[in-house]
Undergrad: 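Supplied in structure tokens, the structure appears directly below.
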Amino acid sequence: MTTILLCDDHVVVRAGLLALLGSEPDIEVLGEAGSGEEAVALAAKLRPDVVLMDLQLGEGIDGVEATRRITTASENPPHVLVLTTYDTDADITRAIGAGATGYLLKAERPEELFAAIHSAAQGRTTLSAPVASRVMAHMRGTRPTLTDRELDILGQLARGLGNRDIARALFISEATVKTHLGRIYDKLGVDTRAGAVSVAKEQRLLP
């Protein structure tokens with residue numbers, strides 16, 4: 001029997017997971033948490049084999065910080081299996097760096113989730129296929145190729161400038177800035193400005 005703790009800030013998602021996991025006879029849900037802080041406290045109290053962790057948890061600490069606290073809180077901490085909709089390089093790197101044993105996307109089939117939970121309980125790494133591809137690319141040291149203009153815009157992003165200010169600084173239109181941002185996001189595998197800056201720093205694309 002593998003015991004788990006659920007952590008997701010959406011009640012409906014937790015209810016769906018509870019119903020799904022309840023159909024698997026070898027898995028027992030010991031508790032559920034709606035925040036990172038609650039997950040840390042319950043993990044210490046209930047001592048599950050696996051914590052099923054979402055990354056975005058609303059207010060308070062996020063899933064990455066909760067993972068870090070859970071995996072460093074004792075000599076024999078539970079394994080953390082990330083279950084999320086986010087698969088950017090920055091999210092994956094941060095979660096694994098924080099001590100997550102596995103990283104699954106919520107689009108996975110139920111049987112894959114069950115198998116990943118049992119694997120995590122034994123300390124074996126499980127990654128969704130898209131996540132595994134990103135990890136392998138990162139390990140091979142592949143770096144995205146950005147144009148000089150895209151690097152200019154990325155540098156302005158790192159300074160915290162908005163689209164209008166970037167356009168003024170580089171003497172281009174806001175529409176052009178938005179077009180370049182879309183290409184930057186695609187190349188870096190992110191969907192937010194903060195994510196772009198984070199990955200750019202990790203890849204040493206910024207001075």
Side-chain angles (χ1 to χ4, degrees), residues 1-11 13-14 17-18 21 26-106 108 112-128 130-139 141 189-190 192 194-204:
M1 177 70 70
T2 298
T3 59
I4 69 171
L5 168 67
L6 291 179
C7 181
D8 195 295
D9 63 329
H10 292 97
V11 176
V13 173
R14 294 203 306 273
L17 285 171
L18 283 170
L21 296 170
D26 295 333
I27 294 176
E28 179 184 2
V29 179
L30 299 182
E32 55 181 293
S35 70
E37 289 85 354
E38 188 178 9
V40 173
L42 286 177
K45 178 182 179 181
L46 301 177
R47 301 186 64 79
D49 297 316
V50 177
V51 177
L52 206 55
M53 179 72 70
D54 192 13
L55 290 184
Q56 303 297 329
L57 298 173
E59 296 182 359
I61 63 174
D62 64 5
V64 171
E65 179 58 27
T67 295
R68 181 176 292 107
R69 295 185 187 184
I70 289 171
T71 56
T72 58
S74 65
E75 293 184 0
N76 188 28
H79 297 287
V80 175
L81 176 60
V82 171
L83 181 65
T84 185
T85 57
Y86 302 92
D87 66 342
T88 67
D89 289 349
D91 287 323
I92 296 167
T93 300
R94 291 177 64 233
I96 294 176
T101 298
Y103 197 112
L104 282 191
L105 301 180
K106 289 181 177 177
E108 296 291 357
E112 292 173 334
L113 173 59
F114 299 153
I117 289 173
H118 290 305
S119 292
Q122 297 174 36
R124 297 201 303 265
T125 299
T126 301
L127 304 173
S128 289
V131 174
S133 296
R134 288 183 179 276
V135 171
M136 290 302 295
H138 186 72
M139 290 178 65
V190 301
T192 66
V197 173
S198 176
V199 172
K201 289 180 178 178
E202 290 171 4
Q203 297 285 342
R204 298 183 179 179

Undergrad: Keeping the roles fixed (side chain from Ser128, backbone from Val131), state whether a donor-acceptor pair exists under 3.5 Å.
TA: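 Checked: no pair found.
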
Undergrad: Looking at Pro78 and Ile70, what are the two nearest heavy atoms and their distance?
TA: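 Minimum heavy-atom separation between Pro78 and Ile70: CG-CG2, 3.6 Å.
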
Undergrad: So which atom in Ala116 and which in Thr126 form the shortest heavy-atom distance, rounded to 0.1 Å?
TA: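 Looking at all heavy atoms of both residues, the shortest contact is CB-CG2, 3.6 Å.
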
Undergrad: Quick check: do Asp62 and Arg94 have side-chain heavy atoms less than 4.5 Å from each other?
TA: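 Result yes, sub-4.5 Å side-chain heavy-atom pair found.
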
Undergrad: Please report the shortest heavy-atom distance between Thr71 and Gly99, naming the atom on each side.
TA: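 Taking every non-hydrogen atom into account, CG2-O, 3.7 Å.
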
Undergrad: Is Thr2 close to Gln122 at the side-chain level, that is, under 4.5 Å between some pair of heavy atoms?
TA: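 A side-chain contact is absent here, since even the closest heavy-atom pair is not under 4.5 Å.
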
Undergrad: Side chains of residues 39-53: which donor-acceptor partners sit under 3.5 Å, not counting sequence neighbours?
TA:
unit_1 : atom_1 : unit_2 : atom_2 : d
Asp49  : OD2    : Thr3   : N      : 2.8
Asp49  : OD2    : Thr3   : OG1    : 3.1

Undergrad: So, taking the atom named CG in Leu81 and the one named CD1 in Ile117, what distance separates them when rounded to the nearest 0.5 Å?
TA: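 Separation between the atoms: 6.5 Å.
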
Undergrad: Considering all heavy atoms of both residues, which atom of Ala33 and which atom of Leu5 are nearest to each other, and what is their separation?
TA: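 Taking every non-hydrogen atom into account, N-CD1, 4.4 Å.
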
Undergrad: Return each pair, listed once, that meets salt bridge (charged side-chain N to carboxylate O under 4.0 Å, His left out) where at least one residue sits in residues 33-42; pairs must be two or more places apart or across chains.
TA: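 Every pair satisfying salt bridge (charged side-chain N to carboxylate O under 4.0 Å, His left out) with a residue in residues 33-42: there are none.
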
Undergrad: Nearest 0.5 angstrom please: Ser119 OG to His79 NE2, how far?
TA: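 The NE2 atom of His79 is 11.0 Å from OG of Ser119, to the nearest 0.5 Å.
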
Undergrad: Rounded to the nearest 0.5 Å, what separation is found between the CD1 atom of Ile92 and the CG atom of Leu127?
TA: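 Result: 8.0 Å between the selected atoms.
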
Undergrad: Only pairs at least two apart or in different chains count here, so list each salt bridge (charged side-chain N to carboxylate O under 4.0 Å, His left out) that has a residue in residues 63-84.
TA: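 Qualifying pairs, neighbours excluded: Glu65-Arg68, Glu65-Arg69.
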
Undergrad: Could you grab the distance from atom CG of Asp54 to atom OG of Ser35, nearest 0.5 Å is fine?
TA: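 The CG atom of Asp54 sits 12.0 Å away from the OG atom of Ser35.
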
Undergrad: How long is the straight-line distance from CG of Leu21 back to CD of Glu28, given to the nearest 0.5 Å?
TA: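 Interatomic distance, Glu28 CD to Leu21 CG, rounded to 0.5 Å: 11.5 Å.
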
Undergrad: Taking the side chain as C-beta and beyond, is there a heavy-atom pair between Asp91 and Tyr103 under 4.5 Å?
TA: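 Side chain of Asp91 against side chain of Tyr103, heavy atoms only: contact under 4.5 Å found.
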
Undergrad: Donor-acceptor check, side chain of Thr85 to backbone of Lys106, threshold 3.5 angstrom: yes or no?
TA: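 Pair absent, no side-chain N/O of Thr85 close to backbone of Lys106.
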
Undergrad: With rounding to the nearest 0.5 angstrom, report the CG to NE2 distance, Leu113 to His118.
TA: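 Leu113 CG to His118 NE2: 9.5 Å, rounded to 0.5 Å.
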
Undergrad: Could you walk me through whether Leu17 and Leu83 pass the side chain to side chain contact (heavy atoms under 4.5 Å, CB included) test, one step at a time?
TA: CA-CA 11 Å; Leu17 285 171; Leu83 181 65; 3.9 Å; yes

